Every structure is written in C-alpha cells, then in structure tokens.
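The figures here come from the full heavy-atom set of this structure, side chains too, leaving out hydrogens, waters and symmetry mates. It should be emphasised that the depicted structure is a prediction, and the values quoted were computed from it without experimental measurement.
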Amino acid sequence: MPLVTTKEMFRKAYDGGYAVGAFNVNNMEIVQGITEAAREVHAPMILQVSKGARAYANHTYLVKLVEAAVIECPEIPIALHLDHGPDFETCKSCIDGGFTSVMIDASSKPFEENIEITRRVVEYAHDHGVVVEAELGALAGIEDDVKVSAEESHYTHPEEVEEFVSKTGCDSLAIAIGTSHGAYKFTAEQCTRNEKGELVPPPLRFDILEEVSKRLPGFPIVLHGSSSVPQEYVKMINENGGKMPDAVGIPEEQLRQAARLAVCKINIDSDLRLAMTGTIRQFFTEHPDKFDPREYLKPARANIKELVKHKLIDVLGCDGKA
C-alpha cells in the first residue's frame, strides 16, 4: 500500500468514535518502534515531521525512512504529514517532496491573514492531491520552533470556525481547548495536587470542542500538545541523572473522551522522546562500559513500541481499524 492521505482515515475515525495517532519522527528507531506497534495492532498511522526534524535529519532521509516503513508494513495505511508548517514555502517543499498531508500553522496571525495564508496552501495542496490541516487558537508551550507563551495562548473561538473552514477549504482543523506543547505543559500554580501529592492539570475545555463539532458536523478536529508525559519515564530520567521536576501532561482518560467526540487526530510527541531518553539513561547507569549505539537504541526502540501500542489501544481506540 503506498502512502495515503488522511481523508479516508478521518472519515472512518469520525464515524467510529476513535482517533488516529500522529507521531513525530526524526530517526530510524522512532519510525520503527511506531510502525511495528501499528502493524501488530492493525492501526492506521500518521507519521509527522516538523520543521525542526527536517533541519536535523534532512527531508530526503526522513521521506526514505517513511517509505521503508510503508514497504515493511504494507497492510496498514500510513500518511506522511508536515507538522506546524510555518509558511507557504515550507508546505510547498513538502508537497513537492512526497508528503501526503501538510499543516499550515498561521494561528499566530490575525484571523483574516490566517485565512489568506491557509487558503493559498490549500489551493496548491489540493492541486497536487495533498490534504491540509489548519489551526485556530494558540496552544502554549514549546515544540521545536513553535514557542508560545501562556500570555500569547488563547482558546479557539467556536463562532469563527465555520467562516474559517468555508473560506480556506482546509481538510481538518486543529483547535485549542487546553492542551499544551512540550513536557512542561502546566506550571505548578495551574495544577492541583491529588491525595498522592501528584500534580493534576486543569481539565480540557470539552464545551469548546462540543460547540465546534456542532458548528462543523462531520468535520475532522485535531488536538496538538496531547502527550500525557508518562510519569514512569519522567521518574526513570530523574533517577538516572536527569532533572525534570513537575513535568506533567494531559490525562489519558481526557484524550480518550476527546477521541470519542469529533477529534480524529491526536498528536503525540514528547512521550516518545521521554521513553527514548529514559531508557538510554537507565541503560548507561546499568552498563557504564557500553558504547555501541545498537545496544542502547534497541531497548529504547522496544519501549517506544510498547508505549505506542498502549496509546493506539487504550487512548486512541484505533486498534483493528487499519
């Protein structure tokens, strides 16, 4: 099966009450761990690449890694997506370079300018058989080159979504309902503490999601900044020389609830990095004499695979949907 767009994936996800996982990739082991998990549970898959990943690994290397995954996993649909494309030129480069989906993120611009930029990308993408994700609202946090302060962030205004989608022609819409980029999504002041003393983040704004879905019936909604920041990997990092106090993510039960509604795509990034980093740190603590990258990357890849399987089955609910 060749690379596909997300259009059919999202139609099935919306009708089926589940979400497709979108996982950021930047090296071979991460691609392998994700796609091996998807193949085992027979789940559709979106592999996405950020501007930072293209700068790190090179566009061609990343495309070829994804193409290798398609060859190795011919039975599952895989889309290659640009995450947070900052401008028309970046989106065009990815469209011309083999991507089947792109995101244009002009959410920091005024509403009318966001429409104008997004519409230009949509016109070019659709002429080339590629689908487009756009964004309304601004998520706080840091992800590669995307850096939004708490003061600059704001929720999506539901009263704007119909006009935006109608005027741009975008194929899916990322909205802001309280998720946040990075592993440090919330300050301690924004959270409460449970009986165990653990930080509990503020709940997502499902009222906004429900109002958006009423105004855009059947339209695919996307959640960014949706890593749950698994505490076992935060603990693993901290016990092996790291310093990540108060790193907290989105509760998985809230993500599952979103997947049952209009959310068809949930982005997961920091969780995989935590799993890889924690595993490697622990490996060197236990094996200080080792130096072969294959020896420490193999268990890291295995933990990424198990984490992704958990997400596909227990959070996204997309197992068996390929």
Chemist: Enter the distance from Thr6:OG1 to Lys12:NZ here, rounded to the nearest 0.5 Å.
Modeler: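 Rounded to the nearest 0.5 Å, the OG1-NZ separation comes out at 13.0 Å.
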Chemist: Hey, are the side chains of Val130 and Ile95 touching, using non-hydrogen atoms and a 4.5 Å cut-off?
Modeler: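 They are in side-chain contact.
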Chemist: Just wondering, are more than 12 heavy atoms of other shown residues or ligands nearer than 6.0 Å to OH in Tyr56?
Modeler: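 Atom OH in Tyr56 is not crowded, with 12 or fewer foreign heavy atoms closer than 6.0 Å.
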Chemist: Check side chain to side chain donor-acceptor pair (under 3.5 Å) between Thr5 and all other residues, then give those that pass, not counting sequence neighbours.
Modeler: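 If we apply the side chain to side chain donor-acceptor pair (under 3.5 Å) test to Thr5, skipping adjacent residues, there are no hits.
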Chemist: Flag yes if Met103 and Ile78 sit in one hydrophobic cluster, no otherwise; membership is Ile, Leu, Val, Met, Phe, Trp, Tyr, and two members link when side-chain heavy atoms are under 4.5 Å apart.
Modeler: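 Result: no, two separate clusters.
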Chemist: Would Lys321 count as a cation-pi partner of Tyr18, with NZ or CZ less than 6.0 Å from the six-membered ring centre and within 45° of the ring normal?
Modeler: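 So Lys321 does make the cation-pi contact.
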Chemist: Pro230 versus Leu274: any side-chain heavy-atom pair under 4.5 Å?
Modeler: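 Contact flag for Pro230/Leu274 side chains = yes.
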Chemist: Does Tyr61, at its OH atom, have more than 12 non-hydrogen atoms belonging to other residues, nucleotides or ligands within less than 6.0 Å?
Modeler: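 No.
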Chemist: What I want to check is whether the side chains of Asn303 and Thr279 have a donor and an acceptor closer together than 3.5 Å.
Modeler: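 Side chains of Asn303 and Thr279: pair found under 3.5 Å.
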Chemist: Pairs under 3.5 angstrom only: tabulate donor-acceptor contacts from the side chains of residues 253-263 to other protein residues two or more places apart or in another chain.
Modeler:
unit_1	atom_1	unit_2	atom_2	d
Gln254	OE1	Leu204	N	2.8

Chemist: Using only heavy-atom distances, determine whether the side chains of Asn267 and Asn24 contain a donor-acceptor pair under 3.5 Å.
Modeler: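 Looking only at side-chain atoms, Asn24 and Asn267 do not form any donor-acceptor pair under 3.5 Å.
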Chemist: Indicate yes or no: at least one non-hydrogen side-chain atom of Met9 is less than 4.5 angstrom from one of Pro77.
Modeler: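 Yes; the side chains approach each other to less than 4.5 Å.
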Chemist: Could you go through the ring pair (Phe, Tyr, Trp, His ring centres under 6.0 Å) check for Phe164 and His157 one step at a time?
Modeler: CA-CA 11 Å; Phe164 184 85; His157 302 301; over 10 Å; no
Chemist: By side chain to side chain donor-acceptor pair (under 3.5 Å), which residues pair with Glu40, not counting sequence neighbours?
Modeler: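 In terms of side chain to side chain donor-acceptor pair (under 3.5 Å), with neighbours along the sequence ignored, Glu40 is linked to Lys305, Lys309.
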Chemist: Under a plain distance cut-off of 3.5 Å, with no hydrogens placed, do Glu133 and His224 share a side-chain donor-acceptor pair?
Modeler: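 Their side chains do contain a donor-acceptor pair, which is all the 3.5 Å distance test asks for.
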Chemist: Would Glu252 and His310 count as having a side-chain donor-acceptor pair, cut-off 3.5 Å?
Modeler: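 Checked: Glu252/His310 side chains pair up, N/O donor to acceptor below 3.5 Å.
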Chemist: Report yes or no: do Asp271 and Ser228 form a side-chain donor-acceptor pair below 3.5 Å?
Modeler: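 Looking only at side-chain atoms, Ser228 and Asp271 do form a donor-acceptor pair, the distance falling under 3.5 Å.
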Chemist: Scan for side chain to side chain donor-acceptor pair (under 3.5 Å) pairs involving residues 199-211, sequence neighbours excluded, and state none if there are none.
Modeler: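 Passing the test, one end in residues 199-211: Arg205-Asp207, Glu211-Arg215.
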Chemist: Indicate, with yes or no, if Ile34 and Val49 share a hydrophobic cluster defined by side-chain heavy-atom contacts under 4.5 Å among Ile, Leu, Val, Met, Phe, Trp and Tyr.
Modeler: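 Linked, Val49 and Ile34 end up in one cluster.
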Chemist: Same hydrophobic cluster for Tyr14 and Ile221, using side-chain heavy-atom links shorter than 4.5 Å among ILVMFWY?
Modeler: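 No; tracing contacts between hydrophobic side chains, which count when under 4.5 Å, never links both residues.
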Chemist: Considering residues at least two apart in sequence or located in another chain, which fulfil the side chain to side chain donor-acceptor pair (under 3.5 Å) criterion with Thr90?
Modeler: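 Asp87.
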Chemist: Asn238: which residues meet the side chain to side chain donor-acceptor pair (under 3.5 Å) condition with it, sequence neighbours left out?
Modeler: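 Listed in chain order: nothing, the list is empty.
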Chemist: Working to the nearest 0.5 angstrom, can you tell me the gap between Asn26 CG and Gln48 CD?
Modeler: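 Separation between the atoms: 11.5 Å.
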Chemist: Could you tell me whether the side chain of Pro2 reaches within less than 4.5 Å of the side chain of Val70, counting heavy atoms only?
Modeler: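 With C-beta onward as the side chain, the pair stays apart.
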